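Inspection log for the structure reproduced underneath, given as structure tokens.
The sequence lines fix the lettering, A, B, ..., with proteins before strands; numbering per chain opens at 1. In this text, all values refer to a predicted model and were calculated from it rather than measured experimentally.
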Protein chains: 2
Amino acid sequence: MSALTNAIEILRCFSSARPDLSFADVMALTGKPKSSTSRLLRSLRDCGLLEQDPHTRRYRPGLLTFELGRLHRAHDDLISMAERELREVCARTGHTGYIAVLDGYEQVVLRIVPGSNPLRVVNPPGQRTPALATSNGRAMLARLSDEDIRARVPATYPKLPRNSPQNFKQLMARMDEIRRTGVSEAADESIEGVGSQGFALKSGETGEMIGIAVSYSVQATTAAERANVRRELAAMAAKLRRMTGDPLEQDAARVKTGTR
Amino acid sequence: MSALTNAIEILRCFSSARPDLSFADVMALTGKPKSSTSRLLRSLRDCGLLEQDPHTRRYRPGLLTFELGRLHRAHDDLISMAERELREVCARTGHTGYIAVLDGYEQVVLRIVPGSNPLRVVNPPGQRTPALATSNGRAMLARLSDEDIRARVPATYPKLPRNSPQNFKQLMARMDEIRRTGVSEAADESIEGVGSQGFALKSGETGEMIGIAVSYSVQATTAAERANVRRELAAMAAKLRRMTGDPLEQDAARVKTGTR
DNA sequence: AAGAGAGTTCCAAATTTCGGAACCTCGTCC
DNA sequence: GGACGAGGTTCCGAAATTTGGAACTCTCTT
């Protein structure tokens, strides 16, 4: 295990729920011996990835993590373009918008556009969720080949919320539906009472893919309102696909024939 | 040189001016041999710190840098408390506010509060500037002991803008003035025509220190307006010092007597 | 078909990392 | 005061990684 892997393992122990950790916490969470933990924490601190509270001696993410986070913002043409469009849709509909990327079988929230409706934001940026259980997560998966999807789903199919696909067969049925209709819906999955619709956008230039979704309270919306969201999303998808040169058609053909 | 140091050296090559780099760029910037560069880039890519554009094969900061950046936000009680106050002052005065921290002899911008006045934001978050050449940078330095300041300034005194202290003696004169008056001013230094006033805030609990400044166009402000900024800042400083338990008095005594 | 440019892989030597054990250093309890 | 334990650091030989030159692969270009 390289120094880098170790460093990342430790950094991943921190989260908004656990913003700072003691030596013992890190030892428990990583399961490494004392001496290794001591050395690793020291080197992370020395290089700026961690800071240590001089009083409590607890560790927290350091200045360098902030600087690294800034770097990522530099490469966000696709994301910021999508964010601009999403902002308009959210302003018109009052609902909350999400932009996320796929990482393995999880998705990571990159941006949030709070709506005017009083639905509290539940997935802050950085949040990881199984992609199988969200509308835009499934929309992203649907653009991969079947083998690729199979490779991403863990060997033992994970336990998901009631309305999410409960096994691989159900998942593939959803994939087919998304590929056919071009939209992905979710209701009462990751969060009770919350529904969403989403789609996946792929850059023709870089091939990078993001998932865009609009989320709302199921009880507080009418079917007509949800149909309106669907129309808004379809329009945004069409516009963004044109702007980014999304190779959707070729992709669909490739998936169908099984070519890589 | 450990894997971690190498990784950071490479990541530091990226910036908003250079959001993506080719293999050759990285080789040139780090001065490492081909084989090492190849291996390092691969491992950074594998662990998610870098992404590679499949088409151009260029590298850019990866999803993990985004996630790490999010972590830093988790520990920002002091910073967000200061940001809230700064927001109010900026709303009242129309000027632009900055929050920064000290790192060696440089400061790093953490937060910006854009004002309503049409002064373009010139230092985005993440920006590094010699602390000697900014109002809040000097305010932070002034709260260190003289030996500590001397240790931070590079052996050969750096070339700074016209109105910044040009040598160590001038710097120490400024330090004394800041310690005496409690405020730090800058005009026409890092950026032509831009002035600022700032102070340093230290948490009584954690001992961490941040610099807070309000920045404005020198031409477009009157002396009265600048005096108003000074009053606003003094009020904010007093309030924040109370809230955070800033040990300013003890510090001042320590610096004076040279105790550590 | 040869050559150049851009990267990758190989390998033995040099450097780091590993983890158990001994060793600190406080604060606490008797 | 002294023993104790929690929390953490340092030491050291064994094991694993990293290094960088050289050979090799790929992909263009001429």
Problem set entry | Flag, side chain of B:Arg70 to backbone of A:Pro125, donor-acceptor distance under 3.5 Å | yes

Of A:Ser36 and A:Leu4, the one whose closest nucleotide on DNA chain D sits nearer the 5' end is A:Ser36

Is B:Glu106 reaching over with its side chain to a backbone N or O of B:Arg128, donor-acceptor style, under 3.5 angstrom? no

Separation of D:dG8 atom P from A:Leu50 atom CG, nearest Å, is 14 Å

Taken to the nearest whole Å, CZ/B:Arg45 to P/C:dG7 is 12 Å

Separation of C:dT16 atom C1' from A:Leu40 atom CG, nearest Å, is 12 Å

Test for a donor-acceptor pair under 3.5 Å between the base of C:dG19 and the side chain of A:Arg39, counting only N and O atoms.
yes

message = Distance criterion of 3.5 Å, no angle test: do you see the side chain of B:Ser38 paired donor-to-acceptor with the base of C:dG7?
response = no

To the nearest angstrom, the CZ-C1' distance between B:Arg42 and C:dA6 comes to 15 Å

Separation of C:dG5 atom P from B:Arg57 atom CZ, nearest Å, is 17 Å

Rounded to whole Å, the CG-P distance (B:Leu21 to C:dA6) equals 15 Å

Here the distance between atom C1' of C:dC18 and atom NZ of A:Lys34, to the nearest Å, is 16 Å

5'-most contact on DNA chain D (nearest-nucleotide basis), A:Ser2 vs A:Ala24, goes to A:Ala24

Of the candidates C:dG7, D:dT18, C:dC10, the side chain of B:Phe23 sits closest to C:dG7

Does A:Arg150 make a cation-pi contact with A:Phe168, if we ask for NZ or CZ under 6.0 Å from the ring centre and within 45° of the axis? yes

